[in-house]
Visitor: 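Sharing a structure here in structure tokens format.
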Amino acid sequence: MRRFAFVEPASVGAATEILAGKGASALPLAGGIDLLGELKDGIARPETLVNLKTIRELDFVRFDSDGTLRLGALATLTAVAESERVRREFPAVAQAAWSVGSPEIRNVGTVGGNLCQRPRCWYYRSPLHACLKKGGDVCFTTLGNSRYHAILGGGPSFIVHPSDLAPALIACDARVIVAGPAGRKDIPLEKFYVLPRVRLDRETILKAGEIVTEVVVPPAASTSSGTKSLFVKFREKDSFDFALASVAAALRMNGAVCQAARLVLGGVAPVPWRSEEAEKTVTGRTIDVPTAAQAARAALKDASPLPHNGYKVPLATALVQRALLDLSGRGREPGPA
Ligand SMILES: Cc1cc2nc3c(=O)[nH]c(=O)nc-3n(C[C@@H](O)[C@@H](O)[C@H](O)COP(=O)(O)OP(=O)(O)OC[C@H]3O[C@@H](n4cnc5c(N)ncnc54)[C@H](O)[C@@H]3O)c2cc1C
Ligand code: SF4
């Protein structure tokens, strides 16, 4: 590992000032679960690390009086997953946090770090492969093994977005608060991520000096407001692993009829992949087996698998159906897959 300076700011303002002043040569550090791996592998080579953990005011999970959920960037995944009220009001968010890695990772990993973690593509993580994303001239998925890569929205890089929390928060219509030299920004989390064809070197809209300070989930997505939410994830290794595919759904139901829906897929695209076509398919209808199957087909209709990841299409299709049927209370109904 290369030598670097380690700075411990006491406030958000001090952190963003240092980061902005040093530009690309400085990186924010939260729990370090992701970043330390990048440092050890020589993928990230910062001259300065700015330790956000010293900014205690960013460590919170709290509710406003109207039921809005606020997650500080330094809240741990354990704090989110184990909050009784988050589990009750925003089940998809708690389930997603609970599904991340192992207890050790959840105890240390933070909300901000989870949302800003870098891709897991094994060529990106390998110091031996100077791929397109790292300034080289080839995406190795075209030559090598593409089994964990994108089936939707890929090109010229085929990374998949790794965070479990992000699809769940987007299904719940969350917003992200960003602090930086230009002041405070309040952005729909859905607009926080960018496709490789828009920006190849990074995965978010964050500019130099900007950090995530908070995530805000509106009360309309809560159980108390009549919205039911769920996160389902399929992983290769059941003990702890990233998603091969995941689905987060939030449905506002009127009896058996779905009034409004948000459906987001994880592990299949370079960004959390919202399917408005699937949402339209179920809105205004009773969700039964044929409707769920139709919505799942709509969600995957643009899928374009690489040589080794065709299995993700039926996998994600099944997860969309499972999420919709479970939320509609028809999870165990027999019917065509
Ligand atoms: C074995 C293993 C299994 C894992 N399994 C899963 C899984 O199942 N699901 C999943 O979602 N993740 C998984 N992860 C990824 C794990 O790193 C994240 O879940 C964790 O939450 C990262 O948080 P952190 O606080 O440690 O981030 P850090 O490592 O400190 O930071 C991650 C990145 O975000 C940046 N950053 C951190 N905080 C901020 C901020 N506030 N604003 C702007 N940028 C910031 C850092 O500069 C860095 O680039 C796994 C990781 C490992 C090693
Ligand atoms: S998918 Fe992206 S990160 Fe992976 S090899 Fe291709 S360009 Fe590099």
Side-chain angles (χ1 to χ4, degrees), residues 12 15-16 19 26-39 43-44 46 49-53 55 58 72-78 80 96-102 104-126 129-146 148-150 154-168 176-180 192 196 200-204 206-207 209-215 231 233 235-237 239-244 246 266-267 270 272 306:
V12 170
T16 57
L19 286 164
L27 286 175
L29 171 75
I33 302 275
D34 185 46
L35 187 51
L36 290 187
E38 283 207 304
L39 295 180
I43 309 303
L49 277 190
V50 179
N51 183 17
L52 303 182
K53 284 282 211 180
I55 313 173
L58 295 183
L74 287 183
T76 63
L77 298 164
T78 296
V80 177
W98 186 253
S99 82
V100 172
S102 60
E104 294 84 352
I105 289 168
R106 293 193 293 274
N107 285 344
V108 177
T110 64
V111 168
N114 187 268
L115 296 180
C116 298
Q117 61 177 296
R118 305 302 310 277
R120 303 307 299 188
C121 168
W122 40 30
Y123 301 113
Y124 169 76
R125 295 275 164 172
S126 157
H129 292 82
C131 74
L132 213 51
K133 192 169 180 60
K134 293 185 287 186
D137 54 13
V138 62
C139 170
F140 287 97
T141 56
T142 56
L143 307 166
N145 196 314
S146 53
Y148 296 126
H149 292 80
S157 162
F158 292 86
I159 53 164
V160 292
H161 179 75
S163 161
D164 287 319
L165 210 45
V176 64
I177 310 298
V178 170
F192 181 67
L200 188 55
D201 62 329
R202 308 290 300 185
E203 299 78 45
T204 71
L206 285 180
K207 298 192 183 115
E210 291 184 334
I211 59 168
V212 169
T213 57
E214 186 178 345
V215 176
F231 176 78
K233 166 175 171 179
R235 50 193 157 186
E236 198 168 34
K237 192 166 50 180
S239 50
F240 68 97
D241 213 342
F242 290 89
L244 291 177
S246 67
L306 297 164

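Atoms within a ligand are numbered from 1 in the order they appear, just like the ligands themselves.
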Visitor: Taking the side chain as C-beta and beyond, is there a heavy-atom pair between Pro196 and Lys133 under 4.5 Å?
Guide: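 No, side chains not in contact.
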
Visitor: As a quick check of understanding, evaluate side-chain contact (heavy atoms from CB on, under 4.5 Å) for Thr16 and Ile211, giving each step before the final call.
Guide: CA-CA 7 Å; Thr16 57; Ile211 59 168; 3.9 Å; yes

Visitor: Show the protein residues that qualify under the rule heavy atom under 4.0 Å from an atom of ligand 1, listing them in chain and number order.
Guide: Pro28, Leu29, Ala30, Gly31, Gly32, Ile33, Asp34, Leu35, Leu52, Ala73, Leu77, Ser99, Val100, Gly101, Ile105, Gly109, Thr110, Gly112, Gly113, Asn114, Cys116, Gln117, Pro162, Ser163, Asp164, Leu206, Ile211, Val212, Lys233, Phe240, Asp241, Phe242

Visitor: Can a donor-acceptor pair be found, under 3.5 Å and without considering hydrogens, that links the side chain of Arg118 to the backbone of Asp34?
Guide: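 Not confirmed, Arg118 side chain does not pair with Asp34 backbone.
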
Visitor: Which distance, rounded to the nearest 0.5 Å, do you find between the CZ of Phe158 and the OG of Ser146?
Guide: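 It is 9.0 Å, given to the nearest 0.5 Å.
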
Visitor: For Thr110 and Lys53, what are the C-alpha separation, side-chain angles and deciding distance, and is it a side-chain contact (heavy atoms from CB on, under 4.5 Å)?
Guide: CA-CA 10 Å; Thr110 64; Lys53 284 282 211 180; 3.9 Å; yes

Visitor: Under a 4.0 Å N-O cut-off, is there an ion pair linking Lys233 with Asp241?
Guide: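 Salt bridge between Lys233 and Asp241, a charged N being under 4.0 Å from a carboxylate O: no.
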
Visitor: For residues Gln117 and Ile33, determine if any side-chain heavy atom of one lies less than 4.5 Å from a side-chain heavy atom of the other.
Guide: no

Visitor: Answer yes or no: does atom CH2 of Trp98 have more than 12 heavy-atom neighbours from other residues, nucleotides or ligands under 6.0 Å?
Guide: no

Visitor: How are the rings of Tyr123 and His149 set to each other: parallel, tilted or perpendicular (split at 30° and 60°)?
Guide: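 Answer is parallel, since the angle falls under 30°.
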
Visitor: Short of 2.8 Å from atom 4 (Fe) of ligand 2, name each protein N/O/S atom, waters not counted.
Guide: Cys121 SG

